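A quick note: this is a predicted structure, and the numbers were derived from the prediction, not measured.
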Amino acid sequence: MTGQAIIGSTDISNLIVDDTYKMDTEEVYESWEDGNRVEHRIYTSSKLRGSFDVVLSSKSGYTLPQFKTLINSATTKNVLLGAFYCTNTGAVKAVYAFCTLTNKSHILTADGSFIDILTVEITER
């Protein structure tokens, strides 16, 4: 099953490559060891972190320039507004996050257009 991803107010779930969606929340805590070498933790928050691949082409409705425009329109001061399905909680979480796009593949098709596969990495701020 692919995950759910919304950038700004645009649902991009149909662009996600099957079996690449890995978005989970992680507990953030402070820890220390006491004199008996027993670890103690104080939970401070949970943060969303993960990645997924998207396929971009004129056929999918988004080319690379259009996708980058979408990302830029939902980004302020290098922080993206989005909502993502968390696989370990079973819920969609709206977040302000840092987003990194990495090109995985750039293929020229017979009709002269391109198919791009990007890895989208999300880390909640």
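In this structure, I12 and L15 have side chains that are in contact, with non-hydrogen atoms separated by less than 4.5 Å. D24 has its side chain out of reach of R49: every pair of non-hydrogen atoms, C-beta onward, lies at least 4.5 Å apart. A 4.5 Å side-chain heavy-atom check between F114 and I107 finds every atom pair outside the cut-off. Under the 4.5 Å side-chain criterion, counting only non-hydrogen atoms from C-beta, C86 is in contact with L48. The closest side-chain heavy-atom distance from V120 to F67 is below 4.5 Å. Side-chain contact between I115 and V55 is present, with heavy atoms from C-beta onward closer than 4.5 Å. Residues K104 and D53 meet the side-chain proximity criterion, which asks for heavy atoms closer than 4.5 Å.
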Would you please test T69 and Q66 for side chain to side chain donor-acceptor pair (under 3.5 Å) and show each step?
CA-CA 5 Å; T69 298; Q66 291 169 321; over 6 Å; no
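Annotation for I16 and G3: closest pair CD1-O, 3.6 Å, computed over non-hydrogen atoms. Of all non-hydrogen atoms in D116 and N103, the two that sit nearest each other are OD1-ND2, 4.3 Å. When all heavy atoms are compared, the tightest approach of L56 to T63 is CB-C, 4.2 Å. Residues S51 and M23 come closest through the heavy atom pair N-SD, 3.3 Å. Residues I71 and L80 come closest through the heavy atom pair O-CD1, 3.9 Å.
At least one donor-acceptor pair under 3.5 Å links the side chain of Y43 to the backbone N or O of S46. Here the side chain of N36 pairs no donor or acceptor atom with the backbone of V38 at under 3.5 angstrom.
Separation of atoms NZ (K93) and CZ (F84) is listed at 11.5 Å; rounding is to 0.5 Å. Here OG1 of T109 is found 10.5 Å from NZ of K59. Values are rounded to the nearest 0.5 Å. Annotation: the span from E30 atom CD to T44 atom OG1 amounts to 6.0 Å, rounded to 0.5 Å. T102 contributes atom OG1, which lies 5.0 Å from atom CD of E121 (distance to the nearest 0.5 angstrom). Residue K68 holds its NZ atom at 11.0 Å from OG1 of T75, rounded to the nearest 0.5 Å. For the atom pair OG of S13 and CD of Q4, the computed distance is 5.0 Å after rounding to the nearest 0.5 Å.
Annotation: ring pair (Phe, Tyr, Trp, His ring centres under 6.0 Å) contacts of F52 (sequence neighbours excluded): Y21. The salt bridge (charged side-chain N to carboxylate O under 4.0 Å, His left out) search around E27 returns none, not counting sequence neighbours.
A continuous path of hydrophobic side-chain contacts links L64 to Y62 [ILVMFWY only; heavy atoms under 4.5 Å]. Side-chain heavy atoms closer than 4.5 Å link hydrophobic residues (I, L, V, M, F, W, Y) into clusters, and following such links, even through other members, never connects I6 to V95. L81 and L70 end up in different hydrophobic clusters when Ile, Leu, Val, Met, Phe, Trp and Tyr side chains are linked at under 4.5 Å.
In the displayed structure, N78 atom CG is contacted under 6.0 Å by at most 12 heavy atoms of other residues, nucleotides or ligands.
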